[in-house]
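One structure is given below, encoded as structure tokens.
Just so it is clear, the structure is predicted and the values come from calculations on it, not from any experiment. Both counts, for ligands and for their atoms, begin at 1 and track the order of listing.
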Amino acid sequence: MRKIKKIAVMTSGGDSPGMNAAIRSVVRACAYYRTECVGIYRGYQGMIEGDMIPLTARSVNNIVHKGGTILKSARSKDFRTKEGRKKAYENLKENNIDALVVIGGDGSFTGGVVFNKEYNFPIIGIPGTIDNDIFGTTHTLGYDTALNTAVDAIDKIRDTASSHNRLFFVEVMGRDAGFIALNAGVGAGAEEILIPEEDLGLDRLLESLKKSRRAGKSSSIVVVSEGDKTGRNVFELADYVEENLEDYEVRVSVLGHMQRGGTPSCFDRVLASRMGVKAVELLIDGKTNLMVGLQNNEIQTIDLEKAIKGQNDINRELLRVSDIMTT
Ligand code: ATP
């Protein structure tokens, strides 16, 4: 087993709140175990360009509460090529780096697995994405913060919706996964929630809106995931409802990138701290190709390839609760 003397950490793919807390944790755990640490800027692209900085315990002061990532994030086309990865490997060797912690989503993990196969380079993944769409963890870094941001925004929209008796369609992030929509929708008391995993049907949407009006509700909120299964975007859905239901004043609000930003919640900071420590300990113990995840509130590991291939199912119990709440 080769001794791990120097660990690199980077953030890759879409950024998410809590990434800084995870960087801090990796750096401090390295310092604790007397292992050198290097930060790679802009994910795999920075690795190819040799864009790195030595990090000590003091380099990560005052970042635990900050959104975004001090190491920047990027998507790298070059890393998808053999030549790009060769350059990246040469840079790691030149800088005496023995192992890598990748904080990112399944694309970033796929790149890591490919790289490990080619160069037998030790890699541990930390799931950092607001979408919560990574198998092997109940929570990805940033998901909890994004939920709170979405709920807060929907609460504000409801104030204006109820003042004007309006129907609001609110689009939240989640192209392939409805976790944000379902949880934020239940949390904010949405009348309907449209997600990629379930086709609830447009008829049912109309019925449910009529029902809510009959029941005397003065405003309605429909939370829609970006990749909703009806195949219509949020504007088309709003048009459809306006065409089919009389007397409805419909408005659309797309929350967009605000969901990626902001101060990480306490939950995300604690999760990031736990995951960072575990990632460093795994590498020092000679482990590779694993992702750290949260299961039953314990930090666990799962094969990176399993994490990439597996799929988190939507919580059926929560769908049922959501149905009952709209009564
Ligand atoms: P998010 O979930 O926020 O989109 P992600 O980590 O899935 O984050 P991607 O853009 O899919 O984001 O991947 C990040 C980077 O990982 C890519 O820009 C690319 O450099 C690398 N990568 C992804 N797939 C591969 C692959 N098959 N081979 C080599 N590198 C890859």
Legend entry - Contact atoms of ligand 1, heavy-atom distance to Tyr44 under 4.0 Å: 16 (O), 20 (O), 21 (C)
Inset, instruction - Kindly identify the option in Arg80, Arg85, Arg175 whose heavy atom sits closest to atom 25 (C) of ligand 1. - result: Arg80
Legend entry - Those atoms of ligand 1 less than 4.0 Å from some heavy atom in Asp106: 7 (O)
Inset, instruction - Please determine if Arg75 has a nitrogen or oxygen closer than 3.5 Å to a nitrogen or oxygen of ligand 1. - result: yes
Inset, instruction - Any atoms of ligand 1 less than 4.0 Å from a non-hydrogen atom of Ser108? List them with their elements. - result: 5 (P), 6 (O), 13 (O), 14 (C), 16 (O)
Inset, instruction - Report the residue from Arg316, Lys211, Arg204 that forms a salt bridge (charged side-chain N to carboxylate O under 4.0 Å, His left out) with Asp323. - result: Arg204
Inset, instruction - For ligand 1, find out whether one of its N or O atoms is nearer than 3.5 Å to an N or O atom of Gly13. - result: no
Inset, instruction - Give the residue, atom name and distance (to 0.1 Å) of the protein heavy atom nearest atom 16 (O) of ligand 1. - result: Gly107 O, 3.4 Å
Inset, instruction - For the pair Ser273 (side chain) and Ser25 (backbone), establish whether a donor and an acceptor sit closer than 3.5 Å, ignoring hydrogens and angles. - result: no
Legend entry - Nearest-neighbour protein heavy atom for atom 19 (C) of ligand 1, which is reported as residue plus atom name and distance: Ser76 O, 3.4 Å
Legend entry - Ser265 and Asp144 side chains, donor-acceptor separation under 3.5 Å: yes
Legend entry - Short N or O distance, Ala74 and ligand 1, threshold 3.5 Å exclusive: no
Inset, instruction - For atom 3 (O) of ligand 1, grab the closest protein heavy atom and report residue, atom and distance to one decimal in Å. - result: Gly14 N, 3.1 Å
Inset, instruction - Could you pull out the closest heavy-atom pair between Ile193 and Ala181, with the gap in Å? - result: CG2-O, 3.6 Å
Inset, instruction - Would you please say whether a donor-acceptor pair under 3.5 Å links the side chains of Gln259 and Thr149? - result: no
Inset, instruction - Over all heavy atoms of both residues, which pair between Leu71 and Val9 is shortest? Give the atoms and the distance, please. - result: CD1-O, 3.5 Å
Legend entry - Pair Phe115 and Phe79, ring centroids less than 6.0 Å apart: yes
Legend entry - Among Val114, Ile134, Asp133, closest by any non-hydrogen atom to atom 28 (N) of ligand 1: Val114
Inset, instruction - Over 60° means perpendicular and under 30° means parallel, so classify the ring planes of Tyr89 and Tyr119, tilted if in between. - result: parallel
Inset, instruction - Name the closest protein heavy atom to atom 29 (C) of ligand 1, giving the residue it belongs to and the distance to 0.1 Å. - result: Phe79 O, 3.6 Å
Legend entry - Protein contact to atom 27 (N) of ligand 1 [nearest heavy atom, distance to 0.1 Å]: Thr110 CG2, 3.5 Å
Inset, instruction - Kindly say whether Gly67 contributes a backbone atom to a donor-acceptor pair with the side chain of Asn20 at under 3.5 angstrom? - result: yes
Legend entry - Protein heavy atom at shortest distance from atom 31 (C) of ligand 1: Gly111 CA, 3.6 Å
Inset, instruction - Could you tell me which atoms of ligand 1, counted from 1 in the order shown, lie closer than 4.0 angstrom to a heavy atom of Ser12? - result: 14 (C), 15 (C)
Legend entry - Between Tyr44 and Asp78: side-chain donor-acceptor atoms closer than 3.5 Å: no
